[in-house]
Amino acid sequence: AKATANYNTYGVLYNWPAVNTGKLCPTGWHVPNDAEWTELTDYLGGPSDAGGKLKETGTTHWNCPNTSTTNETGFTALPGGARDYDGAFSNVGYDGHWWSATELNTNKARGRYMLCNYSNVYRGIGSKELGFSVRCLRD
């Protein structure tokens, strides 16, 4: 039942091979690459401020003070956590992770993450086995 509740609130967590199929987004949309994520965060004042403009306000889903959030973009980033190597879900309510379409090597790909008590958008690297959220960008 926990997975169902998480699914209803936060959506699906995908591994990177699913992202790489190119079939997750509807026609006319795509999973943004690393440069497109950078363009978004730069447009919003840089990675140290962008998270506050992207995250849902309040503590309905974010389990921290979640200060400096405005969600002025309407992106409403939610803390869906991640799916770990062993299939367990971790950090739901505390952080959100999003894949990019940018592969680094056979085992790793780029992504972004946001934490409950900071207004940053962090650029990260994840093992392709992990489950992260996905946002689609219009072509």
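Worth knowing before you read on, the calculation uses all heavy atoms, side chains too, and leaves out hydrogens, waters and symmetry mates.
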Is the closest side-chain heavy-atom distance between [X] and [Y] below 4.5 Å?
X	Y	answer
Tyr10	Pro79	yes
Asp139	His30	yes
Cys116	Asp95	no

I would like to know whether Leu115 and Tyr94 meet side-chain contact (heavy atoms from CB on, under 4.5 Å); could you show each step before the answer?
-> CA-CA 6 Å; Leu115 306 175; Tyr94 294 94; over 6 Å; no
May I ask whether [X] and [Y] are part of the same hydrophobic cluster, defined by side-chain heavy atoms of I, L, V, M, F, W, Y residues being less than 4.5 angstrom apart, directly or through others?
X	Y	answer
Leu44	Trp37	yes
Trp29	Val31	no
Leu104	Tyr85	no

Would you please indicate yes or no on a ring centroid separation below 6.0 angstrom for Phe132 and Trp99?
->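 Under 6.0 Å, so yes.
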Closest approach of [X] and [Y], non-hydrogen atoms and distance?
X	Y	result
Pro47	Asp42	CD-OD1, 4.4 Å
Gly51	Val121	N-CG2, 3.3 Å
Asn63	Val92	ND2-O, 3.9 Å
Glu56	Trp62	O-CD1, 3.5 Å
Thr57	Asn66	C-ND2, 3.9 Å
Arg112	Asp34	NH1-OD1, 2.6 Å

Test your reading of the model: is there a side-chain donor-acceptor pair from [X] to the backbone of [Y], 3.5 Å cut-off?
X	Y	result
Lys55	Tyr118	yes
Asn33	Ala35	yes
Asp86	Ala88	yes
Asn15	Ala18	yes
Ser48	Gly46	no
Thr73	Lys53	yes

Could you check Leu24 against Cys136 for side-chain contact (heavy atoms from CB on, under 4.5 Å), going step by step and ending with a plain yes or no?
-> CA-CA 8 Å; Leu24 292 185; Cys136 298; 5.5 Å; no
Distance-only side-chain donor-acceptor flag, Ser90 / Asp84, under 3.5 Å = yes
Got a second to check how far [X]'s [atom1] is from [Y]'s [atom2], nearest 0.5 Å?
X	Y	atom1	atom2	result
Met114	Trp98	CE	CH2	4.0 Å
Leu130	Lys108	CG	NZ	8.0 Å
Thr102	Ile125	OG1	CD1	11.5 Å
Tyr113	Arg123	OH	CZ	11.5 Å
Arg135	Cys25	CZ	SG	11.0 Å
Leu40	Leu54	CG	CG	5.5 Å

What do the steps show when you test His61 against Thr9 for side-chain contact (heavy atoms from CB on, under 4.5 Å), and what is the final call?
-> CA-CA 9 Å; His61 298 104; Thr9 302; 3.4 Å; yes
Check against side-chain contact (heavy atoms from CB on, under 4.5 Å), Lys128 and Asn107 = CA-CA 6 Å; Lys128 293 178 181 179; Asn107 303 313; 5.8 Å; no
Salt bridge present between Glu129 and Arg83 (N-O < 4.0 angstrom) =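 No, no charged N to carboxylate O under 4.0 Å.
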Over 12 non-hydrogen atoms of neighbours within 6.0 angstrom of CD in Glu39 =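 It does not: Glu39 CD has 12 such atoms or fewer within range.
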